[in-house]
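Computed from a prediction, not measured in an experiment: that's the story for all the values here. The sequence lines fix the lettering, A, B, ..., with proteins before strands; numbering per chain opens at 1.
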Amino acid sequence: MTLNSPKLLNGDTFHRTKQDKKAVGNGFVKNHCLFQQQQKRYRLPAEKSHHASCTSPLYNKQFVESFEETPLLVAVLTYMGYGILTIFGYLRDFLRDWKFEKCHLAREREQQKDFVPLYQDFENFYTRNLYMRIRDNWNRPICSVPGAKMDLMEQVTPDYNWTFEHTGKVLKDVINMGSYNYLGFAENSGTCADAASECTVKYGVGVSSTRQEIGNLDKHDELEKLVARFLGVESSMVFGMGFATNSMNIPALTGKGCLVLSDELNHTSLVLGARLSGSTIRVFKHNNMQSLEKLLRDAIVHGQPRTHRPWKKILILVEGIYSMEGSIVRLPEVIALKKKYKAYLYLDEAHSIGALGPRGRGVVDYFGLDPSDVDIMMGTFTKSFGAAGGYIGGKKELIDYLRLHSHSAVYATSMSPPVTQQIITSMKCIMGEDGTTLGQERLCQLSENTTYFRRRLNEMGFIIYGNNDSPVVPLMLYMPAKIGAFGREMLKRNIGTVVVGFPATPIIESRARFCVSAAHTREMLDTALSAISEVGDLLQLKYSRKNRPGSEGTDCFSYLESHQD
Amino acid sequence: MFSNLAADALFPGYFARMNVGVAHSEVNPNTRVMNSRGIWLAYLLLTTALHVVLLSIPFLSVPVVWTLTNVIHNLVMYLFLHTVKGTPFETPDQGKARLLTHWEQMDYGIQFTASRKFLTISPIVLYILASFYTKYDTTHFLVNTGSLLSVLLPKLPHMDAHLVVKVYRGKSVSFTCHTPTRGRGKPGDCDEPIVVRESPPTSSGVSQLHFREEVVGGE
């Protein structure tokens with residue numbers, strides 16, 4: 001039960017408290033916790049990163065996640081950047097108001113100026129003064145299949161991103177580092193595409209009905225049985241849209257008087273589903289098992305808010321891979337907590353199904369756990385299967401209930417036949433049932449690519465978030481101007497990337513997010529990496545202080561940081 | 001002047017109705033800005049920079065510079081923390097934060113968090129320094145004290161608009177001060193951090209509370 005990682009500092013290490021005598025705090029209550037808060041040790045100046053490496057017996061392999069802290073100088077400069085942008089924003093608003101500058105926005109008619117105002121202009125301050133300036137990094141039109149390489153339509157703007165025009169030129173073979181194409185099934189040739197076209201010829205493209213009425217095809221049944229076999233659960237149900245799977249099914253599962261414990265960084269679909277259900281929602285810190293345990297204990301001890309009656313059910317919502325952080329959920333611990341406190345677990349494997357695990361069965365396979373421990377396994381077919389839609393897998397009673405009560409089953413059109421066929425073919429390929437080893441090769445290729453890409457980026461000195469095994473790689477940019485600069489510079493070098501800024505992420509943590517794919521060859525990754533390194537030198541993005549020998553503790557800010565808490 | 005509706009037609013998909021385009025479940029990111037890494041340092045550096053710039057103007061004497069620093073700092077703080085209402089971006093809280101200043105939005109209205117204490121103490125420290133460097137001269141004292149009061153009074157918990165808004169809903173409300181949280185005051189687990197107990201309506205209505213002069217719209 002000992003930790004064999006002496007460099008571990010404030011990290012999330014877990015002790016079995018029965019053997020652990022280092023009880024902190026007051027009272028005996030804490031001794032009954034599964035995961036106890038570790039005493040705060042003195043932090044050595046050299047190590048500033050949050051490095052969580054857990055080798056407790058719940059895990060059968062190393063779980064290494066790193067979220068290096070923002071360097072203080074960078075944080076201060078980021079705030080200054082936002083401050084300058086705000087000042088210029090106010091200046092531009094003033095100029096627009098006084099007609100010195102052309103206003104491209106919607107405004108009220110002159111006759112309506114005396115009425116109650118129709119528009120809230122302060123709420124759009126960020127949009128019109130910050131987002132508009134770098135808007136060309138998003139919504140770029142793609143005119144080919146989004147595989148490892150794609151074609152982009154070139155767009156120019158005569159008025160600083162307020163309007164765009166297509167020149168007609170097509171940027172060919174742009175390396176695609178942004179598509180969720182983990183296993184490379186986004187392709188327009190090969191067995192999947194052929195099978196899907198045959199299916200279109202036979203069934204057509206549209207279904208023209210909901211599952212409950214007359215839109216239940218035999219293809220859907222075949223797919224559901226296949227998905228159930230793939231996941232290792234009793235039964236499953238598929239839906240036409242991944243977002244709608246979450247937002248339409250969580251209301252069917254929980255309601256008033258239930259408690260939903262959701263991770264801080266859960267996807268919008270989970271948040272929407274939880275809110276639509278009408279249950280009480282409590283948020284625990286991201287991937288933090290002490291926070292989750294505390295919430296569980298408080299919920300069970302105190303019950304519902306005013307009446308103190310016991311909760312009807314407690315549902316824990318977690319995701320397999322969090323796509324903005326690249327972190328993997330601590331599933332063994334969540335399951336241990338769930339069993340101890342008798343809560344239910346809803347696992348959203350949108351990004352992790354097909355991408356993690358030796359057999360590609362997702363995060364449950366990655367940790368080597370039993371699928372029947374997870375009550376509701378949800379996932380999407382958008383990411384690793386090159387299709388669209390979502391599924392929910394679980395016990396037969398649960399799925400039968402959902403077939404009747406899910407809004408998506410009753411009201412939403414069912415999945416389109418060629419899409420269904422694409423999923424069937426790709427899933428059989430991953431499982432190896434199509435007679436080739438293509439699936440296994442793709443899984444190995446993805447895992448190799450992930451390891452290589454992350455290792456090289458770390459060596460170059462960038463700050464990368466997330467787990468070492470996650471194919472989602474967020475690269476930290478921090479400063480607002482670098483968001484736009486990074487996107488544009490990468491496009492100049494023929495690489496398409498996705499950049500994200502505030503308010504989607506916390507204010508100082510803007511990032512570029514790379515999605516590694518099995519379709520990327522080593523040469524493509526090398527090209528991309530050299531371009532990233534070049535842009536990183538140009539924009540000074542190599543903030544990491546971990547791997548640089550002799551660069552720690554040399555400037556005044558590192559002194560401040562080491563004595564911060 | 002720029003509506004959600006019309007702009008939705010112009011720029012479809014971006015405008016937030018329900019945490020759209022956002023990777024966390026934080027309803028209002030403005031509440032956490034003052035707790036983020038390095039912002040206290042940035043604030044201190046900015047104040048120092050202001051002071052140094054003022055010091056470099058040749059015809060101002062040192063006491064005048066300190067008073068000017070104090071006054072300008074308090075003016076800017078009053079402007080950004082207590083005048084500007086709402087958020088510069090759209091939030092999915094259906095306009096709850098639209099009538100709240102940044103001070104009231106901080107940490108979802110939980111009082112006595114670390115950031116609030118820091119932002120209360122820093123004008124006081126600046127005032128003490130300014131009083132020292134102006135050698136306690138009467139005119140300077142009056143100006144500095146007035147300026148300090150203008151920036152301290154809005155920070156009192158009594159002035160919190162969360163309670164003011166409930167008052168105008170016509171119910172008589174008595175409030176309890178929310179239990180102060182330790183540390184950086186993250187709202188933590190509750191989704192309703194403000195505890196307001198409603199008592200049966202009395203004839204005097206809202207006599208127990210202070211409220212601000214401006215008319216709060218019929219929200």
Exercise for the section: Would you check, one step at a time, whether the test side-chain contact (heavy atoms from CB on, under 4.5 Å) holds for F89(B) with Y131(A)? Expected result: CA-CA 10 Å; F89(B) 36 79; Y131(A) 172 71; over 6 Å; no
Handout entry: Verdict with reasoning, Y126(A) to T87(B), per side-chain contact (heavy atoms from CB on, under 4.5 Å)
Key = CA-CA 9 Å; Y126(A) 180 84; T87(B) 52; over 6 Å; no
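- The salt bridge (charged side-chain N to carboxylate O under 4.0 Å, His left out) check on E509(A) picks up R511(A), with sequence neighbours excluded.
- Enclosure of atom CG in D159(A) by more than 12 non-hydrogen atoms of other residues, nucleotides or ligands within 6.0 angstrom is indicated.
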Got a list of side-chain donor-acceptor pairs under 3.5 Å for residues 80-90 of chain A, not counting sequence neighbours?
| residue | atom | partner | partner atom | Å |
| --- | --- | --- | --- | --- |
| T86(A) | OG1 | Y82(A) | O | 2.6 |

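- A distance of 13.5 Å separates CD1 of I507(A) from CZ of R32(B), quoted to the nearest 0.5 Å.
- Contact of D263(A) with chain B is made through the backbone alone, with heavy-atom distances under 4.5 Å.
- Summarising the local packing, OH of Y133(B) is surrounded by 12 or fewer heavy atoms from other residues, nucleotides or ligands at distances under 6.0 Å.
- With 3.5 Å as the limit, one finds a donor-acceptor pair spanning the side chains of S36(B) and Y79(A).
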Problem - side-chain contact (heavy atoms from CB on, under 4.5 Å) between R98(B) and E123(A), intermediate numbers included - result: CA-CA 9 Å; R98(B) 240 176 248 158; E123(A) 281 194 344; 3.0 Å; yes
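- Most heavy-atom pairs under 4.5 Å with chain A, from the set I39(B), V33(B), N30(B): that is I39(B).
- Judged by distance alone, the side chain of R37(B) and the main-chain N or O of A75(A) form no donor-acceptor pair under 3.5 Å.
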